[in-house]
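One-based numbering along the sequence shown. Computation of the quantities below employed the complete heavy-atom set of this structure, encompassing side-chain atoms and omitting hydrogens, waters and symmetry-equivalent molecules.
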Amino acid sequence: MTRRWTAIGMRRIGMAAAAVVLAGSAFLVYASQSSAKQGAALVRGNKPGEWRYWAADAWSTRYSALDQINANNFDSLQVAWQWDAGKYGEDEYYRTTPLYANGRLMTVATNRRKAFAIDPATGATLWQWGIDEGIRWQKAPRQFAGRGLAYWTDGTNERAIVITPGYHLASIDAKTGKGDPAFGKNGVVDLMTGLGYPLVPLAVDDSGPLIISEAAPARRAKPGEKWNATTKTGADGTMGIDPANGQIANSSPAIVVGDVIIVGNSSMHGYYPLRLHNIPSAIRGFDVHTGKQLWRFNLIPQPGEFGAETWEKGSKPGTVGVGKADAWAPYTADPELGLVYIPVGEGLSDEYGGYRPGNNLFANSVVAIDVKTGKRKWHYQMVHHDIWDYDVPMAPNLLDVTVNGQPRKVVAVTTKQGWAYVLDRLTGEPIWPIPETPTLQSEVPGEKTSPTQPIPSKPVPYAQQGLVEADLIDYTPAIKDSALALAKKCRMGPYFIPASPADGKGAKGPAQYRCSWYAPGASGGVNIDGGAAADPETGMLYVGGQSGLSTIEIEHDPCSEHRFSQPHDSCGLLGALPKPKDYATVDEGAGAFQPRAATTIGGIPILKFKEMGGITAYDLNSGDKKWWVPNGNAWRQLATNDPLFAGVNLPKVPALGGQAEVITTKTLVIHGTGRSGAPGAGRAGRGGAGRAGGGGRGGGGAAAPAVPPHLYAFDKATGKQIGAVAIPSVNTAVPMTFLHQGKQYIVFASGQGEHTSLIALTLPRK
């Protein structure tokens with residue numbers, strides 16, 4: 001049995017002075033009094049004052065016990081340095097959360113996902129690492145920096161663990177930036193091996209990247225095909241899985257538990273699918289010393305495996321309707337229990353599941369997997385047969401709480417659909433009842449929706465869900481009638497409203513509606529830009545989310561193999577089907593992701609104002625909501641010149657859309673407004689999940705005031721704002737904090753394109 005030591009200088013201590021207790025794949029060090037001064041043991045896998053995991057620790061708390069920065073001095077924070085990531089290459093937007101371990105800040109940057117170490121005091125680059133992935137990078141489904149990297153140490157050796165856009169796993173010496181020669185080949189393992197597919201030579205017919213949802217893919221090279229340096233087409237020697245099987249990639253860091261690296265994958269977006277199958281996803285464990293694959297867990301169960309019957313037409317790779325169910329978000333672990341908690345995305349095609357009847361395990365689930373064996377301990381599915389793009393988008397949060405006088409180990413899973421599902425992390429049983437509740441059924445031809453969905457009784461939602469009459473503004477009877485008339489243009493319901501056929505052709509004749517209300521939209525609720533922070537001292541959960549209203553409808557893309565998708569025209573794209581003889585441009589209405597019905601009257605939202613989105617604080621000892629603030633604690637006064645509202649005293653509403661990006665410290669909740677919380681960014685991407693839009697009858701509401709970028713601090717117990725500090729540009733990822741040479745720093749990513757950076761804040765010198 002290998003004994004692993006923390007990085008606290010204990011490797012010279014004899015067994016008489018320290019006992020190493022192994023629990024599952026975890027380790028805890030209990031030192032004698034004579035050696036205790038040499039350092040502190042790990043707390044939830046993290047050394048106090050450091051930030052060794054994407055979300056601070058293995059429990060994904062985003063919590064630090066530091067309190068040098070506090071209510072008395074938060075407003076005094078100053079920029080210590082800015083690290084220019086853009087000079088190393090461009091990125092879609094900068095979404096990394098760095099790590100801090102053993103005196104080093106480590107991050108990824110650029111759309112090639114290069115790794116860097118940075119001096120925490122000065123922002124100087126210490127080393128950089130990257131590889132040329134050829135066609136694998138060019139046609140990567142997730143060609144961006146990713147959300148970070150992972151870290152491992154045995155007390156002597158230190159490794160930065162990176163998964164590249166071209167789907168390679170790298171182990172880098174954290175001290176030197178060199179690949180670990182004992183790991184794979186020169187420090188790199190090809191993650192396309194070990195999935196059951198042979199690798200073939202790849203080629204391209206254009207010089208551009210993979211277009212969203214499978215257009216312009218790579219292909220298998222022809223015998224003897226060479227690279228044309230002038231046209232940048234042909235075969236460049238790159239090997240990979242045959243693109244005819246689909247695409248596979250990665251978008252979030254691995255998590256390391258003991259000596260096991262846990263790796264998943266992501267697929268191409270399912271917005272506008274072209275092919276009727278894709279590569280099924282898997283979670284794998286790799287030895288941190290050698291890179292050897294230790295186990296594989298199939299997220300789409302194969303014949304004979306638990307859950308395979310939930311894919312009623314079969315689950316083998318290549319089967320029509322089979323693919324994806326990708327665990328693209330970051331992961332969480334309980335090292336003491338030896339379990340890793342995997343949040344899983346949906347199956348193939350975001351809004352139509354007619355090719356995959358059944359509940360489709362393990363899509364839209366959290367799955368607890370034994371780190372040593374790769375076996376399922378338990379699972380819980382939050383959405384059956386998803387047709388709403390309700391991937392589980394965020395690392396679950398672990399807490400120890402007391403419920404009804406009994407200690408409970410819980411996992412809280414925050415979701416796009418606006419609920420936090422709180423489960424026992426040993427068994428997966430709900431802490432509070434989550435009854436299976438009848439829901440609306442689809443009118444779309446070929447679709448077979450689940451008759452029920454699990455609806456949590458606690459905690460209350462943090463985002464608008466569905467649309468019913470009671471949700472509508474009713475300042476006067478005339479206003480209520482007008483709002484209801486707009487609402488009735490699309491299918492209404494309390495939650496999980498199936499998409500409507502945009503062409504009006506229903507399964508049993510003409511459909512009643514051509515659109516359905518969509519709340520939360522595909523952007524959440526919670527999504528990767530927001531998520532939750534947990535306070536292990538109090539059992540509080542702080543959810544950064546968004547709330548709004550849009551519509552959902554589906555139609556046939558004439559150049560896709562799929563019968564239905566979100567309305568889109570793929571004709572003419574490389575890799576799409578040829579134009580049919582009766583080709584006609586698809587009517588995309590107001591444009592991709594925009595509401596098909598008005599959500600405002602004279603610029604005034606038809607939704608009543610509710611304390612949703614922003615930051616919602618829950619006490620997970622009781623399941624109760626404790627407080628709420630809007631993103632950035634920013635408000636605007638509704639106003640209109642529409643005569644319908646004459647004499648009406650309109651309320652103030654949140655001024656910023658987007659998802660607050662939250663961390664916690666000893667005394668504070670700290671957050672930035674996020675990339676979609678900037679002025680003028682009300683609609684937070686797909687699904688209209690930001691402020692309600694879509695137009696309406698004339699007039700126009702009051703514009704949101706200009707809110708310069710700030711970082712905010714709130715009292716953890718009350719939600720009272722205690723500080724705000726101006727920052728050079730809006731944060732675009734979750735911040736982090738650490739203590740270096742006696743000074744506490746807060747660091748966050750910012751920017752897009754060639755203008756990306758890390759920004760560090762600290763207190764001024766005394």
Inset, instruction - Using modelled atom types only, decide if a donor and an acceptor are shared between the side chain of Y151 and the backbone of E158 within a distance under 3.5 Å. - result: no
Inset, instruction - Look only at the side chain of E50 and the backbone of N102, and say whether a donor-acceptor pair between them is shorter than 3.5 Å. - result: yes
Legend entry - Partners meeting side-chain hydrogen bond (donor to acceptor under 3.5 Å, both in side chains) with T718 (sequence neighbours left out): D715
Legend entry - Over all atoms of both residues, closest heavy-atom pair of L105 and P120: N-CG, 3.9 Å
Inset, instruction - Can you sort out the partners of Y341 under side-chain hydrogen bond (donor to acceptor under 3.5 Å, both in side chains), two or more places apart, ordered by chain and number? - result: none
Inset, instruction - Answer whether the closest heavy-atom distance between the side chains of H671 and F714 falls below 4.5 Å. - result: yes
Legend entry - Partners passing salt bridge (charged side-chain N to carboxylate O under 4.0 Å, His left out) against K720 (at least two apart in sequence or in another chain): none
Inset, instruction - Taking atom NZ of K652 as the centre, report whether more than 12 heavy atoms of other residues, nucleotides or ligands fall under 6.0 Å from it. - result: no
Legend entry - Side-chain donor/acceptor of T153 to backbone N/O of G155, under 3.5 Å: yes
Legend entry - D173 bridged to R159 by N-O distance under 4.0 Å: yes
Inset, instruction - Show the numbers, then the answer: is there a side-chain contact (heavy atoms from CB on, under 4.5 Å) between M540 and K716? - result: CA-CA 9 Å; M540 293 289 290; K716 290 198 307 186; over 6 Å; no
Inset, instruction - Side-chain contact test, heavy atoms from C-beta onward, threshold under 4.5 Å: evaluate it for D624 versus K458 and give yes or no. - result: yes
Legend entry - salt bridge (charged side-chain N to carboxylate O under 4.0 Å, His left out) partners for E92, two or more places apart: R95
Inset, instruction - Would you please name every residue forming a salt bridge (charged side-chain N to carboxylate O under 4.0 Å, His left out) with K87, sequence neighbours left out? - result: none
Legend entry - Whether Y100 and H740 hold their rings parallel, tilted or perpendicular, with breakpoints at 30° and 60°: perpendicular
Inset, instruction - Can you sort out the partners of A733 under side chain to side chain contact (heavy atoms under 4.5 Å, CB included), two or more places apart, ordered by chain and number? - result: T97, A749
Inset, instruction - Go through the side-chain N and O atoms of S750 and S729 and say whether any donor and acceptor fall under 3.5 Å apart. - result: yes
Inset, instruction - Using the side-chain contact (heavy atoms from CB on, under 4.5 Å) rule, take I727 and I759 through it: C-alpha gap first, then chi angles, then the decisive distance, then the call. - result: CA-CA 8 Å; I727 53 179; I759 299 172; 5.6 Å; no
Legend entry - Exam field: side chain N731 to backbone T673, donor-acceptor pair closer than 3.5 Å: yes
Inset, instruction - Hey, could you give me the CD/OG distance between E611 and S547, rounded to the nearest 0.5 Å? - result: 12.0 Å
Inset, instruction - Please tell me if the side chains of N527 and K416 come closer than 4.5 Å, counting only heavy atoms from C-beta onward. - result: yes
Legend entry - Ionic contact status for D57 with R44, cut-off 4.0 Å: yes
Legend entry - Sequence-distant partners of W627, ring-ring contact (aromatic ring centres under 6.0 Å, His included), two or more places apart: Y542
Inset, instruction - Would you please name every residue forming a side chain to side chain contact (heavy atoms under 4.5 Å, CB included) with L126, sequence neighbours left out? - result: R104, A117, D119
Legend entry - Close side-chain approach of P520 and Y390, heavy atoms under 4.5 Å: yes
Inset, instruction - Step through the shown structure and confirm whether more than 12 heavy atoms of other residues, nucleotides or ligands are within 6.0 Å of NZ on K625. - result: yes
Legend entry - Residue list, ring-ring contact (aromatic ring centres under 6.0 Å, His included) with Y745, at least two apart or on another chain: F738
Inset, instruction - Please tell me if the side chains of T664 and T61 come closer than 4.5 Å, counting only heavy atoms from C-beta onward. - result: no
Inset, instruction - State, to 0.1 Å, how close L541 and A532 come at their nearest heavy-atom pair, and which atoms those are. - result: CD1-CB, 3.8 Å
Legend entry - Heavy-atom donor-acceptor pair, S757 side chain to D84 backbone, under 3.5 Å: no
Inset, instruction - Output yes when a side-chain donor or acceptor of W51 lies under 3.5 Å from a complementary backbone atom of N46, and no otherwise. - result: no
Inset, instruction - Kindly give the heavy-atom pair with the smallest separation between A101 and M106, and that separation in Å. - result: CB-CE, 4.2 Å
Legend entry - Heavy-atom pair with the smallest gap, counting every atom of L763 and K743: O-NZ, 3.7 Å
Inset, instruction - Provide the closest heavy-atom pair for L399 versus D535 in the form atom of the first, atom of the second, distance. - result: CD2-O, 3.5 Å
Legend entry - Any donor-acceptor pair under 3.5 Å from Q637 side chain to L650 backbone: yes
Inset, instruction - For the pair Y331 and V257, evaluate side-chain contact (heavy atoms from CB on, under 4.5 Å) and give the outcome as yes or no after the intermediate values. - result: CA-CA 11 Å; Y331 308 150; V257 186; over 6 Å; no
Inset, instruction - Would you confirm whether N397, through its side chain, and S60, through its main-chain N or O, come within 3.5 Å as a donor-acceptor pair? - result: yes
Legend entry - Separation of I528 CD1 from Q659 CD (nearest 0.5 Å): 9.5 Å
Legend entry - By ring-ring contact (aromatic ring centres under 6.0 Å, His included) - contacts of F116 (at least two apart): W83, Y88
Inset, instruction - May I ask you to decide if P396's main-chain N or O and T332's side chain share a donor-acceptor pair within less than 3.5 Å? - result: yes
Legend entry - From OG1 (T176) to CD1 (I172), nearest 0.5 Å: 9.5 Å
Legend entry - With D400 via side chain to side chain contact (heavy atoms under 4.5 Å, CB included) - residues at least two apart: W59, K409, R425
Inset, instruction - Would you confirm whether Q464, through its side chain, and L549, through its main-chain N or O, come within 3.5 Å as a donor-acceptor pair? - result: no
Legend entry - Candidate pair L668 and I722, rule side-chain contact (heavy atoms from CB on, under 4.5 Å), full reasoning: CA-CA 9 Å; L668 304 177; I722 57 87; 3.6 Å; yes
Inset, instruction - Among T756, D529, T732, find the one that has a side chain to side chain donor-acceptor pair (under 3.5 Å) with Y93. - result: D529
Legend entry - Flag side-chain contact, heavy atom, 4.5 Å: L149 against I161: no
Legend entry - P165 and R142, any side-chain heavy atoms less than 4.5 Å apart: no
Inset, instruction - Determine whether W54 and T96 make a side-chain contact, defined as any pair of heavy atoms from C-beta on separated by less than 4.5 Å. - result: no
Legend entry - By side-chain hydrogen bond (donor to acceptor under 3.5 Å, both in side chains) - contacts of H710 (at least two apart): none
Legend entry - Smallest separation among heavy atoms of V162 and R113, with atom names: CG1-O, 4.1 Å
Inset, instruction - Inspect the surroundings of CD in E754 and state if more than 12 heavy atoms from other residues, nucleotides or ligands are less than 6.0 Å away. - result: no
